[in-house]
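Presented below is the structure to which this report refers.
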Amino acid sequence: MSLVTLLPFIVLIGAMFLMTRSAKKKQQQAADMRNQMQPGSGVRTIGGMYATVKEVSDDTVLLDAGPGVELLFAKNAIGAVLSDDEYNRIVHGVEHDLKSDVVPDDASSLTETDEPAAAADSDEKSVDLGKKDEDKAEESPDAVSAEAKTDDEPKKTDGDSDAK
């Protein structure tokens with residue numbers, strides 16, 4: 001057999017190896033997450049139910065889903081262990097202090113200067129890019145007369161053009 005014949009099989013085996021490796025890595029991360037659960041942690045089950053961990057044993061987890069509601073789940077049924085902020089935001093609707101997460105509108109807070117950006121902008125002169133009346137006076141008389149001629153001619157609106 002030649003190398004050309006074996007190449008597709010080698011590529012296929014390599015791809016299968018990489019896929020199984022990544023799947024095993026994800027399974028290991030999920031198992032580590034489930035093993036780090038502690039009583040009081042907020043969790044989301046694979047069914048989408050949010051609850052608080054009450055007890056953790058080898059294969060099962062006792063969850064507190066509400067006042068007087070305790071549910072026994074398999075550890076594998078826990079989809080995610082949530083942070084306290086995320087759990088409170090989802091379950092109780094409590095938002096944490098968002099002022100620390102606000103991105104400034106400009107980069108002035110990133111510089112070392114103490115001068116505010118508004119004061120710096122007011123010192124600069126504004127630039128007017130529009131055409132002024134003096135510019136029209138500087139135009140040649142030929143340009144003005146050509147402009148007047150085009151205004152006198154009727155405009156064609158039916159789509160005809162003079163081009164041949």
Side-chain angles (χ1 to χ4, degrees), residues 1-136 155 157 159 161:
M1 291 187 140
S2 67
L3 182 63
V4 175
T5 310
L6 292 176
L7 188 62
F9 293 112
I10 293 171
V11 170
L12 183 64
I13 291 170
M16 287 174 40
F17 173 75
L18 291 175
M19 286 189 286
T20 57
R21 184 176 161 199
S22 66
K24 284 182 181 179
K25 192 181 224 182
K26 287 181 183 179
Q27 287 176 349
Q28 183 63 36
Q29 287 175 346
D32 290 343
M33 180 243 345
R34 290 182 188 116
N35 289 333
Q36 292 176 357
M37 279 189 298
Q38 299 175 1
S41 300
V43 295
R44 181 182 65 235
T45 65
I46 58 174
M49 184 182 71
Y50 293 93
T52 305
V53 175
K54 194 168 186 180
E55 290 179 18
V56 180
S57 64
D58 291 338
D59 295 330
T60 60
V61 179
L62 184 64
L63 299 178
D64 182 19
V69 180
E70 293 180 354
L71 303 167
L72 187 64
F73 274 84
K75 265 190 175 179
N76 291 340
I78 304 301
V81 177
L82 307 172
S83 67
D84 290 338
D85 287 340
E86 185 177 8
Y87 182 76
N88 288 332
R89 180 182 60 82
I90 293 169
V91 175
H92 303 295
V94 176
E95 295 288 332
H96 69 284
D97 185 22
L98 294 176
K99 296 214 184 258
S100 62
D101 296 343
V102 173
V103 177
D105 291 338
D106 58 356
S108 64
S109 64
L110 302 176
T111 60
E112 296 295 324
T113 62
D114 292 334
E115 181 181 332
D121 290 342
S122 64
D123 293 342
E124 297 176 11
K125 294 181 181 178
S126 63
V127 178
D128 184 22
L129 299 176
K131 201 168 192 181
K132 297 181 181 178
D133 293 335
E134 347 174 302
D135 293 341
K136 287 184 181 178
K155 304 248 190 266
T157 58
S161 66

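Positions are given from 1, in the same order as the sequence printed here.
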Next on the checklist: One pair to check against side-chain contact (heavy atoms from CB on, under 4.5 Å): K75 and N35. What are the steps and the verdict?
Outcome noted: CA-CA 9 Å; K75 265 190 175 179; N35 289 333; 3.6 Å; yes
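- Residues R34 and N76 are in side-chain contact: their nearest non-hydrogen atoms beyond the backbone lie under 4.5 Å apart.
- Here L7 contributes atom CG and L12 contributes atom CG; the two are 11.0 Å apart, rounded to the nearest 0.5 Å.
- At least one side-chain heavy atom of L63 sits under 4.5 Å from a side-chain heavy atom of V53.
- Under the 4.5 Å side-chain criterion, counting only non-hydrogen atoms from C-beta, V43 is not in contact with Y50.
- Atom CZ of R44 sits about 11.0 Å away from atom CD1 of I46, to the nearest 0.5 Å.
- Between the CD atom in E70 and the OG1 atom in T52 there is a gap of 11.5 Å [rounded to 0.5 Å].
- Here the shortest heavy-atom pairing between G66 and D64 reads O-OD1, 2.7 Å.
- Atom-to-atom distance recorded for M16:CE and M19:CE is 7.0 Å, nearest 0.5 angstrom.
- In terms of heavy atoms, A65 sits closest to M49 at CB-SD, 4.3 Å.
- Side-chain atoms of S41 and Y87 form no donor-acceptor pair, as typed in the model, at a separation below 3.5 Å.
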Item to check | Check against side-chain contact (heavy atoms from CB on, under 4.5 Å), T60 and F73 | outcome: CA-CA 6 Å; T60 60; F73 274 84; over 6 Å; no
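- When side chains are defined from C-beta on, I78 counts as touching M37, because their heavy atoms get closer than 4.5 Å.
- Here the straight-line distance linking atom CG of L18 with atom CD1 of I13 works out to 12.5 Å at 0.5 Å rounding.
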Checklist entry - Does the side-chain hydrogen bond (donor to acceptor under 3.5 Å, both in side chains) test come out yes or no for Q28 and D32, once each step is laid out? => result CA-CA 6 Å; Q28 183 63 36; D32 290 343; 3.1 Å; yes
